[in-house]
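So the structure is just underneath, and the comments pick up after that.
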Amino acid sequence: MTRAGWQVVALDVSGIALRHVLDRCEPGTVLAVQGDTDQWPLREEAFDLIVQVDFLERRLLSVLERSLKPGGLLLIDTFLDQGRANESGPSRPEFLLKPGELPAVLGSLHVCRYDEMRGATARACFVGRKPVRKSAS
């Protein structure tokens, strides 16, 4: 993302995860914030793109949706409940998506792409765009 010219903020509760990101980027190209979104509220309409990978906290989905600028994209790629244990990832149902859950919950976003992949580890990948407000004429 930094190579494409994006200004990147990496937010994670884990310092190890943030160090992993920073070690792979040019110095000064990523603002790393160690924190929990419960204590680090995201401003409304602040981001053009939000990427969430390998994490699911359902009560944050609406926060992510509101934090997108009009026309902004939300990409979520995480684990899916396929009715049997995944080879990797969480096993507790509260951390696994139900089939079709993201398009249903994120209904105010235009679904650009949604895929569910099953196999040793099932995953769901969602890309949605926040509608652009129509200007008053």
Side-chain angles (χ1 to χ4, degrees):
M1 287 185 266
T2 58
R3 286 187 205 130
W6 291 81
Q7 292 179 326
V8 176
V9 176
L11 172 64
D12 202 298
V13 73
S14 166
I16 294 169
L18 291 170
R19 175 58 32 209
H20 180 79
V21 168
L22 292 173
D23 287 346
R24 284 153 183 76
C25 297
E26 291 294 319
T29 60
V30 173
L31 172 61
V33 177
Q34 185 173 359
D36 189 328
T37 52
D38 289 334
Q39 276 69 52
W40 190 274
L42 300 176
R43 201 175 80 229
E44 279 193 37
E45 298 187 356
F47 299 100
D48 294 305
L49 171 67
I50 298 174
V51 178
Q52 178 181 294
V53 178
D54 292 349
F55 178 76
L56 178 63
E57 178 58 68
R58 286 173 176 85
R59 64 187 167 77
L60 294 178
L61 294 174
S62 63
V63 172
L64 298 178
E65 197 171 3
R66 285 191 310 270
S67 297
L68 286 173
K69 291 179 181 177
L73 292 170
L74 175 61
L75 184 152
I76 298 176
D77 182 353
T78 196
F79 302 98
L80 178 69
D81 186 347
Q82 63 181 339
R84 61 178 171 81
N86 283 320
E87 195 171 277
S88 63
S91 58
R92 292 175 38 193
E94 61 265 32
F95 300 121
L96 297 169
L97 286 168
K98 295 175 183 77
E101 182 175 359
L102 286 176
V105 171
L106 298 169
S108 74
L109 301 181
H110 167 74
V111 178
C112 301
R113 183 172 185 140
Y114 181 70
D115 294 305
E116 293 182 355
M117 291 80 49
R118 289 171 176 75
T121 297
R123 300 189 66 85
C125 183
F126 172 91
V127 179
R129 182 176 303 277
K130 187 172 190 172
V132 177
R133 287 186 216 100
K134 295 182 178 159
S135 61
S137 5

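Sequence positions, counted from 1, serve as the residue numbers for this chain. Reckoned from all heavy atoms, side chains included, excluding hydrogens, waters and symmetry mates. Fair warning: this is a prediction, and the values are worked out from it, not measured in the lab.
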**Q.** Asp36: partners by salt bridge (Lys or Arg N to Asp or Glu O under 4.0 Å), with sequence neighbours left out
**A.** none
Q | Connected via hydrophobic side-chain network under 4.5 Å: Val53 and Val30 | A | yes
**Q.** Steps toward side chain to side chain contact (heavy atoms under 4.5 Å, CB included) verdict (Met117, Cys125)
**A.** CA-CA 8 Å; Met117 291 80 49; Cys125 183; 4.3 Å; yes
Q. What distance separates Thr29 OG1 from Arg3 CZ, expressed to the nearest 0.5 Å?
A. 9.0 Å
Q) Between Ala124 and Leu97, which heavy-atom pair has the shortest distance, and what is it? A) CB-CD1, 3.7 Å
Q: May I ask you to say whether Lys130 pairs ionically with Asp48, meaning some side-chain N is under 4.0 Å from a carboxylate O?
A: no
Q: Would you name the heavy atoms of Ala120 and Arg84 that are closest together and state the gap between them?
A: O-NH1, 4.5 Å
**Q.** Evaluation steps, side chain to side chain contact (heavy atoms under 4.5 Å, CB included), between Asp115 and Arg113
**A.** CA-CA 7 Å; Asp115 294 305; Arg113 183 172 185 140; 2.5 Å; yes
Q) Just by distance, do the side chain of Ser67 and the backbone of Val63 share a donor-acceptor pair under 3.5 Å? A) yes
Q: Determine yes or no for a side-chain-to-main-chain donor-acceptor pair under 3.5 angstrom, with Thr78 supplying the side chain and Phe55 the backbone.
A: yes
(Q) Can you list everything that forms a side chain to side chain contact (heavy atoms under 4.5 Å, CB included) with Lys98? Sequence neighbours excluded, please. (A) Arg58, Glu101
Q: State the CG-CZ distance between Asp54 and Phe95, to the nearest 0.5 angstrom.
A: 13.5 Å
Q.
Other residues, nucleotides and ligands only: do more than 12 of their heavy atoms fall within 6.0 Å of CD on Glu94?
A. yes
Q: Heavy atoms only: give me the nearest Val105-Glu65 pair and the separation to one decimal.
A: O-OE1, 4.4 Å
Q) Is it the case that Arg123 places NZ or CZ above or below the six-membered ring of Phe79, under 6.0 angstrom from the centre and within 45 degrees of the axis? A) yes
Q. Can you tell me if Arg129 uses its side chain to pair, donor with acceptor, with the backbone of Gly72 under 3.5 Å?
A. no
Q: Would you name the heavy atoms of Ile50 and Leu64 that are closest together and state the gap between them?
A: CD1-O, 3.4 Å
Q: Start with the C-alpha distance between Leu31 and Val8, add both sets of side-chain angles, then the distance that settles side chain to side chain contact (heavy atoms under 4.5 Å, CB included), and finish with yes or no.
A: CA-CA 6 Å; Leu31 172 61; Val8 176; over 6 Å; no
Q. At their closest point, which heavy atom of Leu96 faces which heavy atom of Pro90, and how far apart are they?
A. CD2-O, 3.6 Å
(Q) Between Gln34 and Val13 (side chain of the first, backbone of the second, donor and acceptor by atom type, cut-off under 3.5 Å), is there such a pair? (A) yes
Q. Between atom CG of Leu102 and atom CG of Leu56, what is the distance when rounded to the nearest 0.5 Å?
A. 7.5 Å
Q: Supply the atom-to-atom distance Gln52 CD to Ile76 CD1, rounded to the nearest 0.5 angstrom.
A: 5.0 Å
Q) Sub-3.5 Å donor-acceptor pair from the side chain of Arg118 to the main-chain atoms of Gln82, do we have one? A) no
Q: Under the side chain to side chain contact (heavy atoms under 4.5 Å, CB included) rule, collect the residues that match up with Arg43, sequence neighbours excluded.
A: Ala46
Q: Check side chain to side chain contact (heavy atoms under 4.5 Å, CB included) between Ser62 and all other residues, then give those that pass, not counting sequence neighbours.
A: Arg66
(Q) Please say yes or no: joined through hydrophobic side-chain contacts below 4.5 Å, possibly via intermediate residues, are Leu80 and Leu61 part of one cluster? (A) yes
Q | Other ILVMFWY residues reachable from Leu18 by side-chain steps of under 4.5 Å | A | none
Q: Name all residues meeting the side chain to side chain contact (heavy atoms under 4.5 Å, CB included) criterion together with Leu49; count only those two or more places apart in sequence or in a different chain, and write none if there are none.
A: Met1, Trp6, Val51, Leu73
Q. Should we count CD of Glu57 as having more than 12 external heavy atoms under 6.0 Å?
A. yes
Q: May I ask you to test the Leu109-Phe126 pair for a side-chain heavy-atom distance under 4.5 Å?
A: yes
Q) Does Glu116 use its side chain to pair, donor to acceptor, with the backbone of Pro99 at less than 3.5 Å? A) no
Q. With distance as the sole test, does Asn86 use its side chain to make a donor-acceptor pair with the main-chain N or O of Ser88 at under 3.5 Å?
A. no
Q) Looking at side-chain heavy atoms only, is the closest gap between Leu74 and Val127 below 4.5 Å? A) no
